[in-house]
Protein chains: 2
Amino acid sequence: MRVKPQTRAVEDYTKTIYTIAERGDVPTTNAIAGELDVRPASVTGMLRKLAALQLIRYEPYRPVELTEAGRRIALEVIRHHRLIETFLAQALGMPWDQVHEEAEILEHAISERLEDRIAEALGHPEFDPHGDPIPRRDGTIARRELRPLPAFSSGEAVRIARIRRQDAEALRYLGSLGLTPGTTVMIHDKAPLDGPLTLELRDLGTSIVLAHHMAQTVMAEHGDAS
Amino acid sequence: MRVKPQTRAVEDYTKTIYTIAERGDVPTTNAIAGELDVRPASVTGMLRKLAALQLIRYEPYRPVELTEAGRRIALEVIRHHRLIETFLAQALGMPWDQVHEEAEILEHAISERLEDRIAEALGHPEFDPHGDPIPRRDGTIARRELRPLPAFSSGEAVRIARIRRQDAEALRYLGSLGLTPGTTVMIHDKAPLDGPLTLELRDLGTSIVLAHHMAQTVMAEHGDAS
DNA sequence: ATTAGAAATTAGCTATGGCTAACTTACAAT
DNA sequence: ATTGTAAGTTAGCCATAGCTAATTTCTAAT
């Protein structure tokens, strides 16, 4: 999975293109600029460079696409990121709403040697504290059939598996409700017209109400499988 | 001890100036260039910038001197570096000859928040795996009266406290002989004219021979004190 | 006092990756 | 077919921090 020395910008752009595509959006100049918090003009410049490096396929005015080489770099950076998040949470007890920000920087600073050691120490985890899959060294990724909470029906018991958010505030909120990966909840009620969901925490027996747009970011699977 | 956002170059230069002065050398343009592996012309440029930032006092053609602000930055970076080394060795079992290289990069990537957590997890250590003192958050440093091995006399029992080297090869060599901080050795013999030292490892009872120039980098204190 | 040689500086260049302002292109609505 | 608007690109700029080559300064030896 090793490629060759890359600048931080190259790592950030390939990673961003990958994650935009992975969540089903289109990796346009504007989308990338928004994600990286730079101006679109700067993105155009970098896209030309990435294309020259054969990391993306790029036609002006068209969305970009990672090449196989680009994908490998993206996955490597994401692996770094998610392993670091997992390590910070498990080894140092850092709260799950803080680990993303730290990993955002450390992902560029960690060596393969150290990465291996961390993966080893953690027992080669497949998922990070948010339930995001950690790409394996060979570039493969664990696949799961997850759906957002509102896609389940009232009465169903589901196991929360992944939170598709990384902003600290939302994570703190969800954490305070007990909605973390691994938790099993019962869909008690779904208010119509994209209204809030009422959930029952299986373990505590308590009931909570969650806005539809928040529930959309909570991915789950049936029952308390695996 | 917090100051303000600094570039990596600023951190590297202030740290380098500090360590050159700390080991008793004179922080000249050439010395800094050698340490950082850049050309002297580049150093001159950076020195002008550091002076503008009030981090050093600088007169052309003269050695530089850190200001109080510069010293604070240097100590902060060194604290990062040595805490990371200690963490990598203790928490991840990384060998002491590898931790320097990793820390060299991570020292610029770690947040104060994470640093605090690491210090906490380690129980606020005062020394890193090489015996180098870890500056405290308030900028103070543990002081010890150490002397290089050849400064002791035959027959003396000394406790190794610090290795003034960071290259992996020398560290691996010393480690293979058992000469690590905390070990107590007996100076068995000193060959004249800067000849090799014969040492006896107290615990194992084995005898080893060490070149004078290597022994110079091994700092120790009397007996097995503290 | 002069001068050779080492040390340091200056001048001018490079690459990276941002930015703004001005423009071009694509496309949807008429 | 035309045109307005949003999206994207180009041109030209900036800062950072490196480099080489040429020059200057310092210092120690004569």
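Protein chains get the first letters and strands the later ones, always in sequence-line order, with residue 1 at the start of each. The figures that follow rest on heavy atoms only: side chains count, while hydrogens, waters and symmetry mates do not.
For A/Ser176, there are no side chain to side chain donor-acceptor pair (under 3.5 Å) partners two or more places apart in sequence or in a different chain. Every residue meeting the side chain to side chain contact (heavy atoms under 4.5 Å, CB included) condition with A/Pro150, not counting sequence neighbours, appears here in chain and number order: A/Pro148, A/Leu197, A/His212, A/Ala215, A/Gln216. Under the rule for a side chain to side chain donor-acceptor pair (under 3.5 Å), the partners of A/Arg172 that lie at least two apart in sequence or sit in another chain are A/Asp97. Applying the side chain to side chain donor-acceptor pair (under 3.5 Å) criterion to A/Arg162, with sequence neighbours excluded, gives A/Asp132. Partners of A/Glu115 under the side chain to side chain donor-acceptor pair (under 3.5 Å) rule, at least two apart in sequence or in another chain, are A/Arg79, A/His80.
For B/Glu126, the CD atom sits in a packed shell: over 12 heavy atoms of surrounding residues, nucleotides or ligands are nearer than 6.0 Å. No more than 12 heavy atoms of other residues, nucleotides or ligands shown are found within 6.0 angstrom of CD on B/Glu59.
Judged by a 6.0 Å distance limit and a 45° cone about the ring axis, B/Arg144 is positioned over the six-membered ring of B/Phe127.
A salt bridge (Lys or Arg N to Asp or Glu O under 4.0 Å) with B/Glu22 holds for exactly one of B/Lys15, B/Arg143, B/Arg164; it is B/Arg164.
Map A/Tyr61 and B/Tyr61 each onto its nearest nucleotide of DNA chain C; the residue landing nearer the 5' end is B/Tyr61.
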Side-chain atoms of residues 85-92 of chain A: list all donor-acceptor pairs with protein atoms under 3.5 Å, sequence neighbours left out, distances to 0.1 Å.
| from | atom 1 | to | atom 2 | distance (Å) |
| --- | --- | --- | --- | --- |
| A/Glu85 | OE1 | A/His130 | ND1 | 3.2 |
| A/Glu85 | OE2 | A/His81 | NE2 | 2.8 |
| A/Glu85 | OE2 | A/His100 | ND1 | 3.4 |
| A/Thr86 | OG1 | A/Arg82 | O | 2.7 |

Would you give me the side-chain donor-acceptor pairs under 3.5 Å for residues 30-52 of chain B, sequence neighbours excluded?
| from | atom 1 | to | atom 2 | distance (Å) |
| --- | --- | --- | --- | --- |
| B/Glu35 | OE1 | B/Arg23 | NH2 | 3.2 |
| B/Glu35 | OE2 | B/Arg23 | NH1 | 3.3 |
| B/Thr44 | OG1 | B/Pro40 | O | 3.3 |

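Electrostatic pairing of B/Arg113 and A/Glu102 counts as a salt bridge here, judged by a charged N lying under 4.0 Å from a carboxylate O. Under a 4.0 Å N-O distance rule, the pair A/Arg147/A/Glu221 does not qualify as a salt bridge.
Think of the region where chain B sits on DNA chain D: with heavy atoms and a 4.0 Å cut, that region ends 5' and 3' at D/dT16 to D/dT27. On the nucleic acid side, DNA chain C contacts chain B at distances under 4.0 Å to non-hydrogen atoms, with the end points of that region at C/dA7 to C/dT10.
Contacts between residues 38-51 of chain A and DNA chain C, defined by a heavy-atom separation below 4.0 Å, involve A/Val38, A/Arg39, A/Ala41, A/Ser42, A/Met46, A/Lys49, listed by number. DNA chain C lies under 4.0 Å from at least one heavy atom of each of the following residues of residues 20-33 of chain B: B/Thr28, B/Thr29, B/Asn30.
With B/Thr180 contributing its side chain and B/Gly175 its backbone, the two residues share no donor-acceptor pair below 3.5 Å.
If one axis is set at each end of the helix from C/dA1-D/dT30 to C/dT30-D/dA1 from five pairs, those axes are 10° apart, to 10°.
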B/Val10/B/Thr7 under side chain to side chain contact (heavy atoms under 4.5 Å, CB included): CA gap, chis, key distance, verdict: CA-CA 5 Å; B/Val10 168; B/Thr7 68; 3.3 Å; yes
